[in-house]
Protein chains: 2
Amino acid sequence: MKFGTDIATLCRENGLRLTRPRRIIMKVLSETTGHPDVVELHRQVNAIDPGISIATVYRTVSLLQDKGLLERHTFNDGRARYEAADHGHHDHLINVETGDVIEFHSDEIERLQEEIARKHGYSIVSHRLEIYVKPLPRKRSGRTGQT
Amino acid sequence: MKFGTDIATLCRENGLRLTRPRRIIMKVLSETTGHPDVVELHRQVNAIDPGISIATVYRTVSLLQDKGLLERHTFNDGRARYEAADHGHHDHLINVETGDVIEFHSDEIERLQEEIARKHGYSIVSHRLEIYVKPLPRKRSGRTGQT
DNA sequence: TTATCTGCAAAAATTTTGCACTTGG
DNA sequence: CCAAGTGCAAAATTTTTGCAGATAA
């Protein structure tokens, strides 16, 4: 479960009605490990209840983002992608060959960021670090020429 | 001038015809200090030649990006923003109150990124670091309460 | 009951594309 | 000349919104 509390409590705490669409959308969000875009989210939600419209999905993710329960990412593909926002801050390694997203965290980088912001006369509101990577070529002891 | 060479040479080297729309679009790109989106770019281009269509601007920025002459950014506002791509790698500090973008560079952070990627079995293709900031409150010696 | 929420469909915003005409080399 | 490039308008994509009906509290 990625949200801090259960869905009913989350809604109550945020003054939101616990509706069927919301329950399903939040359930899908809380169970996914990825960073789905709205179309993907809608597809998964519709697999549970085909009656839920994509407009509701858009409205729900905006709402959850406003309440600070969801993070919105825009990787370089343009579409907005979402992720439940409780499990501590992290950054992303993105495998450009497969599109896989790996989460990581570096206190040392965070510290350097603070330092840079301060030097420029700012304090950090948030940040985002994405490292686009490809697999390292596998090292072998013997000699084989091929790539 | 942000492109490494003059526009005519750039086109020749990349097998592109030096057309009037391209000359103007590249001129605007080379002279701007910001990170304009396509609509903004089109507005500036049209101030010079109102006949240039936004379709041409879209086609030109894609083309320049494919040739590696332009970088495409997507900050958290969704739209694609562009920047001429010669003046060395840098990251962005973004003032959330004004939208201003400040460029910076940290060898130390870059080194840590390499290290992280390597530990995960990857090599870096590219990366992107954006720090969203707000101005530090100004310290004063005397006492004045107001914000 | 009633303010909130939803579905639908239309609209808005952004980006791509087909096609006939223009133009750089 | 003619392949490459352009303008235009239509289409595709993504996101937002007005409104009438549904529903949680």
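Letters go in sequence order (proteins before strands), and every chain restarts at 1.
With hydrogens and angles left out, the side-chain atoms of B/Glu110 and B/His127 include a donor and acceptor closer than 3.5 Å. Judged by distance alone, the side chains of A/Asp91 and A/His89 do bring a donor and an acceptor atom under 3.5 Å apart. If you check the side chains of A/Glu115 and A/His120, you find no donor sitting under 3.5 Å from an acceptor.
Scanning both residues, B/Lys27 and B/Ile7, for their nearest heavy atoms gives N-CD1, 3.6 Å.
We find that OH of B/Tyr58 is positioned 18 Å from P of D/dA10, with the value rounded to whole Å. Between B/His42 atom NE2 and D/dC8 atom P there is a gap of 9 Å when expressed in whole angstrom units. Distance B/Leu18 CG to D/dA4 C1': 13 Å, rounded to the nearest Å. Across the protein-nucleic acid pair, B/Arg22 atom CZ and D/dG7 atom C1' stand 14 Å apart, rounded to whole Å. Distance A/His73 NE2 to D/dT14 P: 19 Å, rounded to the nearest Å. Look at CG on B/Leu64: it is 11 Å from P on D/dG5, rounded to the nearest Å. Straight-line distance from the CG atom of B/Asn14 to the P atom of D/dA4: 15 Å, rounded to whole Å. In this structure, CE of B/Met26 is placed 12 Å from P of D/dG5, rounded to the nearest angstrom.
Counting non-hydrogen atoms under 4.0 angstrom, B/Ile54 reaches nothing in the nucleic acid.
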Protein-nucleotides 18-20 of chain D N/O pairs under 3.5 Å:
{"residue": "D/dG18", "atom": "O6", "partner": "A/Arg59", "partner atom": "NH1", "Å": "3.3"}

Applying side chain to side chain contact (heavy atoms under 4.5 Å, CB included), run through A/Arg128 and B/Tyr132 and close with a yes or a no.
CA-CA 8 Å; A/Arg128 135 199 210 185; B/Tyr132 294 85; 3.5 Å; yes

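Judged by distance alone, the side chain of A/Asn46 and the main-chain N or O of A/Gly51 form no donor-acceptor pair under 3.5 Å. With hydrogens and angles ignored, the 3.5 Å screen pairs a side-chain donor or acceptor of A/Thr60 with a backbone N or O of A/Thr56. The backbone N or O of A/Thr5 sits nowhere less than 3.5 Å from a side-chain atom of A/Thr9 that would complete a donor-acceptor pair. At least one donor-acceptor pair closer than 3.5 Å links the side chain of B/Arg22 to the backbone N or O of B/Arg17.
Take the nearest nucleotide of DNA chain C for B/Arg72 and for A/Thr60: the residue whose nucleotide is more 5' is A/Thr60.
For B/Thr19 and D/dT6, the shortest distance from a side-chain N or O to OP1 or OP2 is below 4.0 Å. Contact annotation: A/Arg79 reaches the phosphate of D/dT14 (side-chain N/O to OP1 or OP2, under 4.0 Å).
Taking a heavy-atom distance under 4.0 Å as the criterion, the stretch of DNA chain C touched by chain B extends 5' to 3' from C/dT14 to C/dG25.
Ring geometry, A/His73 versus A/Phe75: the interplanar angle falls under 30°, so the pair is classed parallel (tilted spans 30 to 60°).
A salt bridge links B/Arg43 with B/Glu40: the closest approach of a Lys/Arg side-chain nitrogen to an acidic carboxylate oxygen falls below 4.0 angstrom.
Looking only at side-chain heavy atoms (C-beta outward), A/Gln113 and A/Arg118 stay at 4.5 Å or farther from each other.
Taken over five-pair windows at either terminus, the axes of the helix from C/dT1-D/dA25 to C/dG25-D/dC1 are inclined to one another by 30° (rounded to 10 degrees).
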